[in-house]
Amino acid sequence: MTAPDATGRAAGIDPRGPRFGAALTAALLIATILAGDSPAGLVLLALVVASFALGVARGVQGTWQGTLYAALIRPRLSPPTEREDPAPPRFAQFVGLIITGVGLVLGLAGVTWAVTVFAAVALVAAFLNAAFGLCLGCQLYLIGRRLVPSRAA
Amino acid sequence: MRRHAAVGRPSLGAVDPDVLFRASAVVALLGLTSFAWWFATRRRGELRPVRTRRSTSAGRREPAPPTLDRVRTAVAVTAGARATVVQISAEYCSPCRRSAALWTDLVATDPALAFVEVDGGQHLDLTREFGVLSTPTSLLFDTDGTLVGRIGGAPTRVQATQALAHSANTIGLTRPNNSTDPNNSAGSAGTDNSTTTDRIGAER
């Protein structure tokens with residue numbers, strides 16, 4: 001039976017935490033896009049990249065957004081009605097790190113449009129997460145898995 | 001920003017037109033994203049019935065959708081006497097957990113129902129053959145193991161109950177009495193079936 005392989009994980013984190021974090025990330029990414037080709041844009045994008053790196057290393061609850069949520073927002077809310085496995089949001093941090101990381105590297109290499117374009121892609125994902133609770137990277141994971149082996153075969 | 005510019009000078013010279021353009025682009029992007037979200041999820045949790053081509057198999061190029069037997073070649077499935085739900089999940093999928101918990105809960109109330117969760121990442125052949133692009137996707141099979149319909153996304157309890165009722169109605173037309181199903185304890189399946197149908201009928 002393969003039934004237990006996707007279920008039966010340990011009780012997880014408050015799912016509202018990653019969504020709040022995504023809203024802060026989205027705000028930073030909007031600022032990045034508005035800053036455009038200026039050095040400020042690169043600095044803001046680097047800040048986002050660093051946040052995602054922290055999220056990959058420690059999980060979403062270990063980011064500065066997670067700390068802010070736990071300190072400022074969570075005490076004002078009722079206890080969560082459901083809990084979430086920390087693995088999907090952590091994977092989303094990884095996807096975010098790749099996208100913004102590529103934008104930052106290209107931007108540092110002098111490809112001026114890359115900062116805006118990659119920040120915009122990341123903004124779509126962060127906005128979907130914050131506003132609708134959708135983890136875009138998580139959804140693309142299976143599609144990616146479907147595409148890769150079929151090309152190889 | 002715009003008002004400030006208008007006060008300062010008759011033109012928008014005080015605000016960098018590039019920033020205005022970028023701000024408009026951000027607003028447009030988020031609007032487009034919201035519309036795409038609404039479009040993609042407008043039937044989320046709803047049962048989308050599969051058009052049955054049992055009698056019109058002649059001359060159609062489109063092959064019949066795979067049956068429960070196809071799922072059985074990949075994972076062990078104990079078919080339900082009335083309906084079987086197969087949920088395709090993925091490793092990084094929070095709504096899959098919620099959806100699986102709901103199906104498990106519903107199936108526990110009725111021995112004529114069966115549920116199995118399949119990791120799509122480990123059974124990519126199944127995700128291709130059933131055309132699963134997003135998770136969770138719940139496939140609903142009837143007594144014969146024929147695919148009745150599919151549900152994209154995590155259904156609400158009402159949606160899931162209605163989907164199972166739909167399956168019961170479909171079977172009711174083709175098979176008024178399925179108590180002779182050899183896979184299950186015949187007598188209990190028959191009685192459970194009638195009570196469950198009544199219960200679901202009352203909720204509708």
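Note on naming: letters A, B, ... go to the chains in the order of the sequence lines (proteins, then strands), and numbering restarts at 1 for each one. Note that these values count all heavy atoms, side chains included, but never hydrogens, waters or copies made by symmetry.
Between the side chains of B:Arg150 and B:Ser138, no donor N or O sits under 3.5 Å from an acceptor N or O.
Residue contact with chain A, scored on non-hydrogen atoms closer than 4.5 Å, involves the side chain of B:Leu29 exclusively. Proximity to chain A (any heavy atom under 4.5 Å) is shown, for B:Thr41, by neither the backbone nor the side chain. Within the 4.5 angstrom heavy-atom criterion, atoms from both the backbone and the side chain of A:Phe132 approach chain B. Both the backbone and the side chain of A:Ala120 come within contact range of chain B, each with at least one heavy atom under 4.5 Å from a heavy atom of that chain.
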For this session: Report the C-alpha separation of B:Thr137 and B:Gln87 in whole Å, then their side-chain angles, then the decisive distance to 0.1 Å, and conclude whether the side-chain hydrogen bond (donor to acceptor under 3.5 Å, both in side chains) test is met.
Result: CA-CA 6 Å; B:Thr137 292; B:Gln87 178 183 307; over 6 Å; no
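The side chain to side chain contact (heavy atoms under 4.5 Å, CB included) with B:Val132 is formed by just one residue from the set B:Ile88, B:Leu124, B:Val118; it is B:Ile88.
Taking the centre and axis of the six-membered ring of B:Phe39, the NZ or CZ atom of B:Arg42 falls inside the cone set by 45° and 6.0 Å.
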